[in-house]
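A quick write-up on the structure given underneath.
Letters A, B, ... are given to chains in the order of the sequence lines, protein chains preceding strands, and every chain is numbered from 1.
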Amino acid sequence: MSTEKPTEKNASNSKSAAPTTAITPTRAENYPEWYQQVVRAADLAENSDVRGCMVIKPWGYALWENVQRVLDRMFKDTGHKNAYFPLFIPLSYFEKEAEHVEGFAKECAVVTHHRLAPGKKADGKMGLIPAGELQEPLVVRPTSETIIGASFSKWVQSYRDLPLLINQWANVVRWEMRTRLFLRTTEFLWQEGHTAHATSEEAMVETLKMLEVYADFAENWMAMPVLKGEKTEGERFPGAVNTYCIEALMQDRKALQAGTSHFLGQNFAKASDIKFSDANGAVSFAWTTSWGVSTRLIGGMIMTHADDDGMVLPPRLAPSHVVIIPVTHKPETAQAVLDYCNRLAADLRRIPYAGRTIDVEVDARDIRGGDKAWQWIKKGIPLRVEVGPRDMEQDSVFMARRDRAHKDKQSLKRDDFVATITTILEEMQSGLFARAKAHREHNTKRVDSRSEFEAFFGARNDAEAEDGAGGTASVVMGGFALAHYCPDPKIEEELKTKFAVTCRCLPIDGAEEPGKCIFSGKPSTRRAVFAKAY
RNA sequence: CGGGGUGUAGCUCAGCUUGGUAGAGCGCUUGCUUCGGGAGCAAGAGGCCGCAGGUUCGAAUCCUGUCACCCCGACCA
């Protein structure tokens, strides 16, 4: 994380002095506010008039479309098919799995009427009021296990119908108390995979396979390093037997759960009556899984890569890879420069990269060049290329990379640029990953006693201490703590209350290592990961 | 649902204590000068001050009610 502060020059000069960073406040000054400002400055999304719901703007939606395109390919390559199920779930379906209902009951939007009629509203004025009450209320899906289960029970008769491997791209609604753009919104976009298998082993293989797909995507496409692990009982998906997750460490050292994969055992099969006859004619319940990632991934990319000048996009998922900025302030050469830029754009657009072709913006808007360049910096486009009359004469371009200082530009022969652009983008992609991974390693600590644990995180009411300057707490204490731990809901409850710390997961790649639980002293064979979390 | 707070121009807010009928910055439009760089100067557009009552000659300002949103908790992909 940068520790840059506004310089004295900035503080003492008149308002005409350019700020030292494009985003105010900086990450160090106020991380949550910085996050909001990046989302806005990068033109990714904005709050809507609907409580807790966001408008995803074209630049942000294009990023999501790239996430979708790549993941969708991965799902299909692992044998899954897409389908679509209703937004509305009859209340009775929801009640079938006891833990599931209990887990989601507090955050459901419920449809009770199907029409509007003129009438007197609660404030006494005339207007439209709901009419035509439904016999059975409909729940707007917070997740689709139950309604997909209803279909699965019809589709599955024989062991020959298994495995059933389905994915759905959809929106879901969870009526959260507090929302934040991309990280937690009332309505969000996601994919949910739902599968049914003949055996427990097969379902478990599927659960872990999809966790692997998510980890692969996070690391190789988002350039976001993740830990794979299993959730403890208290953090489990309502109704699941086991929940696995990928956890990433953000720049403020808080953890973000970036994806989950659940082994549902036979719980949902029993609730939805998903049964099949095996080769011997014996009837048994199927074993099911479900797994999902959401638009939260975009929040993860922001908090992993963005800096005090705005968004930094991983090239493989960037909506556009390069913006060409024609320098056309001399009227006599303006058209020639523009033509030159368009020809360059056309050549670039033929180059294959990361499963598509290079996407190019030619920004010929009639606004000042500096302003234009800064807008693209804030949007996080990987490469900016300026082309003016002088460059054109020498058949060269002036290139700036988003992963370097904004004044650090280099002149390249046009043909060399075209020939090396994918190499440059790949270098940036791996550079982002390496930087994020170094940040995580730097903020991961092996903790061997309770006192060490407490020192690492600080007590919850140390909020002021977390924020050197006083005022808005922005820098979180801690990071990932690796500690021997024997899962116990009571301990987790206490950690949450006292330190705002949760057990993120029991890593599945963690090496076996004998030790003692730092809380109970009981023997343990592996370390768990603890952190403050989003 | 508990505890705080705020509703005034597209955005961020000042004005309210001590009522006299609307302000700033940013953004937007136009002109001139600048410009391989987040420009300067000038002019301009834009608001029945959340809503409903009340007090008053007069309410953004005082009183009552109401709605909405925000922050801190419990919950969360």
Side-chain angles (χ1 to χ4, degrees), chain A residues 14-24 32-33 36-37 40-41 46-52 102-108 121-125 142-143 171-180 182-192 214 231 234-235 237-238 243 245-248 255-262 290-300 309-310 325-330 333 337 366-378 384-392 397-398 400 406-407 409 411 460-461 463 472-473 493 496-497 500 502 533-534:
Chain A
S14 70
K15 64 187 173 181
S16 63
T20 48
T21 59
I23 303 296
T24 319
E33 181 61 22
Q36 304 273 71
Q37 294 304 325
R40 189 161 76 155
E46 62 191 19
N47 279 307
S48 73
D49 291 342
V50 186
R51 199 207 85 118
E102 202 188 322
F104 285 104
K106 282 171 285 183
E107 50 189 55
C108 287
K121 298 191 288 186
D123 60 8
K125 286 190 211 152
T143 179
N171 58 338
V172 288
V173 166
R174 296 184 188 176
W175 214 266
E176 305 287 358
M177 299 316 289
R178 301 193 53 207
T179 60
R180 283 183 80 187
F182 290 118
L183 296 174
R184 186 176 303 109
T185 47
T186 300
E187 178 190 18
F188 57 95
L189 306 182
W190 78 345
Q191 59 68 218
E192 45 182 326
Y214 287 154
K231 287 291 188 193
E235 301 279 325
F237 176 76
T243 287
C245 61
I246 52 172
E247 293 280 332
L256 183 75
Q257 179 173 308
T260 48
S261 186
H262 314 290
S290 69
W291 27 275
V293 295
S294 72
T295 35
R296 173 178 261 199
L297 291 179
I298 294 177
D309 286 329
I325 301 178
V327 181
T328 55
H329 61 281
K330 286 182 183 162
T333 54
V337 168
D366 180 24
I367 59 171
R368 298 179 60 78
D371 198 8
K372 195 183 279 186
W374 276 106
Q375 285 181 21
W376 288 107
I377 290 172
K378 287 185 274 194
R384 305 189 305 283
V385 163
E386 295 162 13
V387 179
R390 296 207 296 267
D391 306 293
M392 190 174 65
V397 299
F398 212 44
H406 60 84
K407 281 184 187 159
K409 303 179 193 176
S411 187
R460 175 167 217 158
N461 48 18
T472 49
E493 186 62 39
K496 195 166 184 176
T497 312
T502 48
Y534 275 95

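- Counting non-hydrogen atoms of other residues, nucleotides and ligands closer than 6.0 Å to CH2 of A:W175 gives a total of 12 or fewer.
- Across all strands shown, A:T260 has no heavy atoms under 4.0 Å from either base or sugar-phosphate atoms.
- Rounded to an integer number of Å, the gap from A:I325 CD1 to B:G38 C1' is 11 Å.
- Remark: the separation of the P atoms in B:C41 and B:A24 is 16 Å, to the nearest Å.
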Interface polar pairs with nucleotides 4-14 of chain B, N/O, under 3.5 angstrom:
none

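- Remark: A:K378 engages no residue in a side-chain hydrogen bond (donor to acceptor under 3.5 Å, both in side chains) (not counting sequence neighbours).
- With P as the reference atom, B:G54 and B:U12 are 33 Å apart, rounded to whole Å.
- Taking the P atoms as reference points, B:C51 lies 15 Å from B:A59, given to the whole Å.
- If you take atom P in B:G25 and the same atom in B:G44, they sit 14 Å apart, rounded to whole Å.
- A:D366 places its CG atom 13 Å from the C1' atom of B:U30, with the value rounded to the nearest Å.
- Here the side chain of A:P389 is nearest to one of B:C75, B:G36, B:G38, namely B:G36.
- The residue A:E176 sits close to a base: some heavy atom pair falls under 4.0 Å.
- By the 4.5 Å heavy-atom criterion applied to side chains, A:T179 and A:N47 are not counted as neighbours.
- With centroids closer than 5.5 Å and planes inclined by less than 30 degrees as the test, A:F188 and the base of B:A77 pass as a stacked pair.
- A:K330 comes within 4.0 angstrom of nothing in the nucleic acid, heavy atoms only.
- Applying the side-chain hydrogen bond (donor to acceptor under 3.5 Å, both in side chains) criterion to A:S294, with sequence neighbours excluded, gives no partner residue.
- Remark: A:F104 pairs with A:H100, A:F237 by the ring pair (Phe, Tyr, Trp, His ring centres under 6.0 Å) rule, at least two apart or across chains.
- Screening A:T143, A:L297, A:V293 for a side-chain contact (heavy atoms from CB on, under 4.5 Å) with A:W190, the sole residue that qualifies is A:T143.
- The side-chain hydrogen bond (donor to acceptor under 3.5 Å, both in side chains) check on A:Q191 picks up A:N167, A:Y214, with sequence neighbours excluded.
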Pairs under 3.5 Å (Watson-Crick or G-U), crossing ones as [ ], inter-strand ones as |: RNA chain B comes out as (((((((..((((......[..)))).((((((.....)))))).....(((((..]....))))))))))))....
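- The CD1-C1' distance, from A:I367 to B:C28, rounds to 13 Å in whole Å.
- Separating the CZ atom of A:R296 from the C1' atom of B:A77 is a distance of 5 Å, rounded to the nearest angstrom.
- B:C62 and B:U55: their C1' atoms are spaced 8 Å apart (whole Å).
- Spacing between B:G23 and B:C48 at atom P, rounded to whole Å, works out to 15 Å.
- Between the CD atom of A:Q375 and the P atom of B:G27 there is a distance of 11 Å, rounded to whole Å.
- When side chains are defined from C-beta on, A:T243 does not count as touching A:E235, because their heavy atoms never get closer than 4.5 Å.
- A straight line from CG of A:N47 to C1' of B:C70 spans 11 Å, rounded to a whole angstrom.
- In terms of position along RNA chain B, the nucleotide closest to A:G369 lies nearer the 5' end than the nucleotide closest to the other residue of the pair A:G369 and A:E107.
- Counting to the nearest Å, the C1' atom of B:U33 and the NE2 atom of A:H329 are 15 Å from each other.
- Annotation: B:U6 and B:U61 have their P atoms spaced 15 Å apart (nearest Å).
- At least one donor-acceptor pair under 3.5 Å links the side chain of A:R174 to the backbone N or O of A:P142.
- For the pair A:E187/A:V50, no side-chain contact is recorded, criterion being any heavy-atom separation below 4.5 Å from C-beta on.
- With a 4.5 Å cut-off on side-chain heavy atoms, A:R180 and A:P32 count as touching.
- Counting non-hydrogen atoms under 4.0 angstrom, A:G292 reaches nothing in the nucleic acid.
- When heavy atoms are screened at a 4.0 angstrom cut-off, A:I377 is found touching no nucleic acid atom at all.
- Rounded to an integer number of Å, the gap from A:R368 CZ to B:A39 C1' is 5 Å.
- Comparing B:G5 with B:G47, their C1' atoms sit 24 Å apart, to the nearest whole Å.
- Counting any heavy atom pair closer than 4.0 Å across all strands shown, A:K378 reaches a base atom.
- Annotation: of the two residues near RNA chain B, A:T186 and A:D391, the 5′-most nearest-nucleotide partner is A:D391.
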